[in-house]
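What follows is a set of notes on a single structure, which appears directly below.
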Amino acid sequence: MNIAVFVSGRGSNFKAVHQSLQQGKCHSDIKIVIGDKLDCFAFEFAREEKIDVLSVSKTAKEGFTSWENLLKILKTLEIDLIVLAGFLKKIPDEIVDNYKNKIVNIHPALLPSFGGKGMYGMNVHRAVFESSAQISGATVHFVNKVYDDGKIIAQRAVDISGVESPEEIAARVLKIEHKLLPYVVKKFCENKIKFLGSRVNVLE
Ligand code: GRF
């Protein structure tokens, strides 16, 4: 299984997936890390691990490849799974069409609440905090053409009663993300994610 990971910054979820793949037995490799910046912490880690990195942009600028060209590169690399690990840009429809049910995203809340356009990073945790929700969590879902709208694959909840800041929620949720995303990637590689009508079932 050939995997492409998309990142925008810190890359802690990418690291968690990479480490889990290295420890696992499912013969899957991260072939390339794609970012929307020229450089970021996630790229630094990728380079240390000898994984190629590439920056993508909607508009032509130095150091960036276009989405059109990226699609060709993904095909050349025979990518089977795209993992959005904290990637902030919207994936163009053409890529979604080419990788139907082969793009997964981690969202730092329990969808379908606290998702949609503009709901990323600390915006999510601030909204959860302001709502006074007592539970939050992480969701991994398939990516379709609408923000945070694809079928949910897996979720884990965390108790946030008693938290005093959105940052505290973020820290609790991040711990769960680092387990949930590698879990889903592993299940995908084992071909254990199945559609049953409109629902997604993850087999044991
Ligand atoms: C994570 O909380 C992810 O769910 C969100 O952005 C954050 C990225 O963190 N979409 P990292 O880059 O994986 O450390």
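In what follows, every heavy atom counts, from backbone to side chain, and hydrogens, waters and symmetry copies are set aside. Predicted model only: the values in this text are computed from it and were never measured. When a ligand or atom number is given, it counts from 1 through the structure's own listing order.
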Atom indices of ligand 1, in the order listed, that fall short of 4.0 Å to a heavy atom of Arg10:
9 (O), 11 (P), 12 (O), 14 (O)
Has Lys75 got its NZ or CZ under 6.0 Å from the middle of the six-membered ring of Tyr99, at an angle within 45 degrees of the ring axis?
yes
Could you tell me whether His125 and ligand 1 have an N or O pair separated by under 3.5 Å?
no
I want to check a possible cation-pi pair here: Lys186 against Tyr183, using under 6.0 Å from ring centre and within 45° of the ring axis as the test.
no
Check for me whether Gly11 has a heavy atom closer than 4.0 Å to any atom of ligand 1.
yes
Report yes or no: is the cationic atom of Lys15 (NZ for Lys, CZ for Arg) under 6.0 Å from the centre of the six-membered ring of Phe45, at an angle within 45° of the ring normal?
yes
Please state whether Val7 comes within less than 4.0 angstrom of ligand 1, counting heavy atoms only.
no
Close aromatic pair by centroid cut-off 6.0 Å: Phe129 and Phe114:
no
Under 4.0 Å from a heavy atom of Gly86: which atoms of ligand 1 are those, numbered in the order shown and with their elements?
6 (O), 8 (C), 10 (N)
Please assess Asn2 against Glu78 for the test side chain to side chain donor-acceptor pair (under 3.5 Å), listing each intermediate value before the final yes or no.
CA-CA 7 Å; Asn2 296 330; Glu78 300 184 334; 4.6 Å; no
Protein heavy atom at shortest distance from atom 2 (O) of ligand 1
Glu177 OE2, 2.9 Å
